[in-house]
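Note that the structure is predicted; figures quoted are calculated from it, not measured.
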Amino acid sequence: RNLLFVTIGLWVFAVVGNASADLVLVENGQARAHVVVADTAPPLVRDAAADLVRVVKRVSDAELALVVESESDPASPRILIGACSVPPDLEADPAVIKGDEAYAGYVIACEHNVLALTGNSATGTANAVYGFLQDQLGVRWFLPMDLFEIVPHLKTVAVPEMRHVVTPSFVCRYGWASWQGENKAW
C-alpha cells in the first residue's frame, strides 16, 4: 500500500514538476511583456508588429510597448518579431523550412520569457504574427475594417511553451481587394 502512495506521489511530482509555466503577455488587463523588432526591421515587419500591439489592445485593453531590439530588456517577457537575437535554446530558426514555399513559412516558438514570431522573409514574419493572432488568440478577419474583425475579449493573455513550424501549401497567397485607399495591403 505504501508503494502505491509513493508511486502516485512520484507521478504527481513528475507531472507538476515538469509542467511549464505559460508566458504571460497580459495579466488582468495589465501589460507584462513588450514587443521587439530588429533595429533594421523592414516596414512590413514593423507594420505587423504594430498590428500585434493594436490587436492585443483590442483583445485585452492592455497596450504592449513596441521597441527596437537595442532598447529592449532581455530579462523581461518579450515578443521577438522577425530577425531579433533569440536565446540559443529557443528553437525558432525559420531555416528549417525548405522548398519554394519557404519564403512565406514561419516559426512560432515560446519558452521561458520569450515568444518568437519569425519567418524566412518579411512576408513569412508577417504571416507568423497573423498566424499567432488567429491560432492562439482566436482573432479572425473577414474584411479589412474593424467591423469585420472578430476579436475575443480576454483579461489575461498567456502563451504555453510551444514550437510551431508552418510551411505554406502553395507558393503565393496574395488576394486583391481594393475599394478603399487605406486598404492597399489587402
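- Minimum interatomic distance between Ala128 and Val107 (heavy atoms only, all atoms of both residues): CB-O, 4.3 Å.
- By the criterion of side-chain heavy atoms lying less than 4.5 angstrom apart, applied directly or through intervening Ile, Leu, Val, Met, Phe, Trp or Tyr residues, Ile108 is grouped together with Leu154 in one hydrophobic cluster.
- Chaining together hydrophobic side chains whose heavy atoms lie under 4.5 Å apart places Val86 alongside Val36, Val67, Leu80, Leu90, Val114.
- Listed by chain and number, the residues in a side-chain contact (heavy atoms from CB on, under 4.5 Å) with Ala33 are Leu25, Pro77 (sequence neighbours excluded).
- Here Thr40 pairs with nothing under the side-chain contact (heavy atoms from CB on, under 4.5 Å) rule; sequence neighbours left out.
- Remark: Thr125 OG1 to Asn127 CG distance equals 8.5 Å, nearest 0.5 Å.
- Glu69 places a side-chain N or O within donor-acceptor distance of the main-chain N or O of Ser85, the cut-off being under 3.5 Å.
- Using a 4.5 Å heavy-atom threshold, the side chains of Leu137 and Phe132 count as touching.
- Here the closest non-hydrogen pair linking Ala38 and Cys84 is N-SG, 3.5 Å.
- Considering every non-hydrogen atom in both Gly138 and Pro152, the closest pair reads O-CD, 3.7 Å.
- Sequence neighbours left out, not one pair with a member in residues 70-85 passes salt bridge (charged side-chain N to carboxylate O under 4.0 Å, His left out).
- The side chain to side chain donor-acceptor pair (under 3.5 Å) test applied to Asp51 returns Tyr130, not counting sequence neighbours.
- Nearest heavy-atom pair across Ala104 and Ser121 is N-OG, 4.4 Å.
- Not a single side chain to side chain donor-acceptor pair (under 3.5 Å) links Thr156 to another residue, sequence neighbours left out.
- Asp39 places a side-chain N or O within 3.5 Å of a backbone atom of Ser70 that can act as its donor or acceptor partner.
- Partners of Arg32 according to the salt bridge (Lys or Arg N to Asp or Glu O under 4.0 Å) rule, which considers only residues two or more places apart in sequence or in another chain, are Glu27.
- Hydrophobic cluster membership is shared by Leu66 and Leu64, with clusters built from Ile, Leu, Val, Met, Phe, Trp and Tyr side chains linked at under 4.5 angstrom.
- Remark: Ile150 engages Arg140, Phe142 in a side-chain contact (heavy atoms from CB on, under 4.5 Å) (not counting sequence neighbours).
- Under a hydrophobic clustering in which Ile, Leu, Val, Met, Phe, Trp and Tyr are joined whenever their side-chain heavy atoms come within less than 4.5 Å, directly or via other members, Met162 and Val166 fall into the same cluster.
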Result block: side-chain N/O donor-acceptor pairs under 3.5 angstrom for residues 52-61, not counting sequence neighbours:
| residue | atom | partner | partner atom | Å |
| --- | --- | --- | --- | --- |
| Arg54 | NH1 | Glu149 | OE1 | 3.3 |
| Arg54 | NH2 | Glu149 | OE2 | 3.2 |
| Lys57 | NZ | Glu63 | OE1 | 3.3 |
| Arg58 | NH1 | Glu149 | OE1 | 2.2 |
| Ser60 | OG | Val56 | O | 2.8 |
| Ser60 | OG | Ala62 | N | 3.2 |
| Asp61 | OD2 | His153 | NE2 | 3.1 |

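- Side-chain contact between Ile81 and Val35 is present, with at least one heavy-atom pair separated by less than 4.5 Å.
- In terms of hydrophobic clustering, with Ile, Leu, Val, Met, Phe, Trp and Tyr side chains grouped at heavy-atom distances under 4.5 Å, Trp141 and Val129 are assigned to a common cluster.
- Contacts of Asn113 classified as side chain to side chain donor-acceptor pair (under 3.5 Å), with partners at least two apart in sequence or in another chain: none.
- Evaluation of the side-chain contact (heavy atoms from CB on, under 4.5 Å) rule for Asp89 yields Pro87, Glu111, His112 as partners, not counting sequence neighbours.
- At least one side-chain heavy atom of Val68 sits less than 4.5 Å from a side-chain heavy atom of Arg46.
- Tracing side-chain contacts under 4.5 Å through hydrophobic residues (I, L, V, M, F, W, Y), one reaches Val151 starting from Val157; they form part of the same cluster.
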